[in-house]
Amino acid sequence: MTSDSRHNFQTLAEAVDRELRARGGSERAQKEKAYLKSELLHYGVSVPDTRAIVRTSLRGTALDHDEVIELARLLWAAPTSSDDSAGSTELTDGGSTGNHPPVHERRAAATMVLIQSQDRLGAGDADFIEDLLREAKTWALVDPLAGDLVGPLSERDAAFDPILERWASDEDFWIRRSALLAHLVPLRQGRGDFDRFSRFAEAMLEEKEFFIRKAIGWVLRDTARTRPDLVFDWILPRAHRASGVTIREAVKRLSPEQREAVLATR
């Protein structure tokens, strides 16, 4: 990528940044920052507005693979001195003009760039995506990266198989959660590798981490949309080992009889 093309993407990233701040609000920013227990700067932009900004920004650009990655990388990074936000005398969370932290909505926009351009991505981008997952440290960024990006990519590219296997036993629970949620979309739509998911879930079933317990239940709940009997047969003999949050999610789409049978084992 030439220096001129990189400059163009810096300009595009700055334009996205300006649109995000224009739609933001300090009250929403403070509430979201507190809700997510976030250490990032927040502009206070809704997810639908962020998605709309990204969609509009990408319209007519026809980015190739390297350009998608570069734009996502720029948005994920903290604002630079050339960004209007970095020159502002008053940041959304009350900071001053010094070293600026990364911005939550910029990172959300980077995630959406990747999701909306996933037809140009593949297993060769797994290291980049993994780096983002490790830096995200919040479900608000991890879940779309894992569920809406890695899920479809791994379904069509078998080279993701060993990557997911490694993630499933990673020390970082966000990476383990990502290995689970990578199965969410395919299984929700009646496809997917339930055997692999169930193997991952079995190994994590008695973990104490809430975000692991919730992810297992979430995938089971959405799988039950099309295959409730499959979920029932899997969860029934394991219900006595599963956490309450896993069970509450898993039984939501089961029949009343199935739900009662699972709960009776508790």
Side-chain angles (χ1 to χ4, degrees), residues 32 34-37 46-48 51 108 111 115 133 136-156 160-161 163-266:
E32 289 188 348
Y35 175 64
L36 295 174
K37 299 180 175 62
S46 70
V47 171
R51 187 177 294 112
T111 297
I115 292 169
L133 289 167
K137 300 185 185 303
T138 173
W139 60 266
L141 296 172
V142 167
D143 291 5
L145 282 169
D148 298 323
L149 180 62
V150 176
L153 290 180
S154 62
E155 187 179 21
R156 70 169 186 252
F160 258 103
D161 291 351
I163 296 165
L164 293 182
E165 293 288 343
R166 176 172 57 80
W167 286 5
S169 57
D170 196 274
E171 292 183 358
D172 186 339
F173 73 82
W174 290 116
I175 300 298
R176 297 198 304 280
R177 179 177 169 94
S178 297
L180 295 167
L181 293 185
H183 297 81
L184 182 65
V185 172
L187 290 175
R188 174 194 294 157
Q189 296 175 353
R191 305 183 310 277
D193 189 341
F194 186 80
D195 288 342
R196 183 174 61 192
F197 164 76
S198 64
R199 181 162 48 80
F200 290 177
E202 176 79 34
M204 301 184 215
L205 194 59
E206 297 179 61
E207 284 200 27
K208 303 301 183 184
E209 173 55 55
F210 169 82
F211 287 104
I212 295 297
R213 293 175 166 187
K214 182 78 170 183
I216 295 172
W218 184 9
V219 177
L220 290 171
R221 180 194 71 195
D222 278 23
T223 302
R225 290 185 179 190
T226 56
R227 290 171 285 182
D229 291 345
L230 178 65
V231 172
F232 174 70
D233 290 343
W234 190 85
I235 195 63
L236 183 64
R238 298 170 175 84
H240 65 287
R241 296 170 45 217
S243 71
V245 67
T246 297
I247 294 297
R248 284 192 296 274
E249 292 296 318
V251 302
K252 282 183 178 178
R253 297 184 183 277
L254 300 185
S255 70
E257 295 77 16
Q258 290 173 330
R259 188 179 306 118
E260 289 176 9
V262 171
L263 297 178
T265 68
R266 306 284 292 168

Point to revise | Set of residues satisfying salt bridge (charged side-chain N to carboxylate O under 4.0 Å, His left out) with respect to Asp170, sequence neighbours excluded | key: Arg134
Review point. Is a salt bridge present between Arg176 and Glu207, judged by a nitrogen-to-oxygen distance below 4.0 Å?
Key: yes
Point to revise | Derivation of the side chain to side chain contact (heavy atoms under 4.5 Å, CB included) call for Val219 and Leu181 | key: CA-CA 7 Å; Val219 177; Leu181 293 185; 4.0 Å; yes
**Study point:** Minimum side-chain heavy-atom gap Trp139-Leu36 below 4.5 Å
**Key:** yes
Practice item. Spell out, as yes or no, whether a donor-acceptor pair under 3.5 Å connects the side chain of Thr246 to the backbone of Arg213. Key: yes
Review point. What residue pairs, at least two apart or across chains, pass salt bridge (charged side-chain N to carboxylate O under 4.0 Å, His left out) with a residue in residues 137-153?
Key: Asp143-Arg177
Can I get a per-line list of side-chain donor-acceptor pairs under 3.5 Å for residues 225-232, giving both atom names and the distance, sequence neighbours left out?
unit_1	atom_1	unit_2	atom_2	d
Arg227	NH2	Arg191	O	2.7
Asp229	OD1	Gln258	NE2	2.8

Check your understanding: side chain to side chain donor-acceptor pair (under 3.5 Å) with Ser198: which residues, sequence neighbours excluded?
Key -> none
Review point. Of all heavy-atom pairs between Ser154 and Ala182, which one has the smallest distance, and what is that distance?
Key: OG-O, 4.2 Å
**Study point:** Test item: Ile115 and Pro144 side chains (from C-beta on) under 4.5 Å apart, heavy atoms
**Key:** yes
Review point. What heavy-atom pair brings Ile247 and Ala242 nearest, and what distance separates the two atoms?
Key: CD1-CB, 3.8 Å
Exercise for review: Looking only at non-hydrogen atoms, find the nearest pair between Leu187 and Asp193 and report the distance.
Suggested key: CD2-N, 4.0 Å
Point to revise | NE2 on His240 to CD1 on Ile235, rounded to 0.5 Å | key: 10.5 Å
Exercise for review: Decide yes or no on side chain to side chain contact (heavy atoms under 4.5 Å, CB included) for Leu220 and Phe197, but give the supporting numbers first.
Suggested key: CA-CA 9 Å; Leu220 290 171; Phe197 164 76; 3.7 Å; yes
Point to revise | Inter-residue atom distance Ile163.CD1 - Ser178.OG, 0.5 Å rounding | key: 12.5 Å
Check your understanding: For the residue pair Gly192 and Pro186, what are the closest heavy atoms and their distance?
Key -> CA-CB, 3.6 Å
Review point. Under a 4.5 Å cut-off applied to non-hydrogen side-chain atoms, are Leu184 and Asp222 in contact?
Key: yes
Point to revise | Qualifying salt bridge (charged side-chain N to carboxylate O under 4.0 Å, His left out) pairs with a residue from residues 234-259, counting only residues at least two apart or across chains | key: Glu202-Arg238, Glu202-Arg241, Glu206-Arg241, Lys214-Glu249, Arg221-Glu249, Glu249-Lys252
**Study point:** Worked check of side chain to side chain contact (heavy atoms under 4.5 Å, CB included) between Trp234 and Thr223
**Key:** CA-CA 11 Å; Trp234 190 85; Thr223 302; over 6 Å; no
Point to revise | For Trp174, ring-ring contact (aromatic ring centres under 6.0 Å, His included) partners two or more places apart | key: Phe211
Revision key, fill the gap. Nearest heavy-atom approach of Thr265 to Ala239 is OG1-CB, 3.0 Å
Check your understanding: Where do Leu164 and Ala179 come nearest, in terms of heavy atoms and distance?
Key -> O-CB, 3.9 Å
**Study point:** Separation between OG1 of Thr138 and OH of Tyr35, rounded to the nearest 0.5 Å
**Key:** 9.0 Å
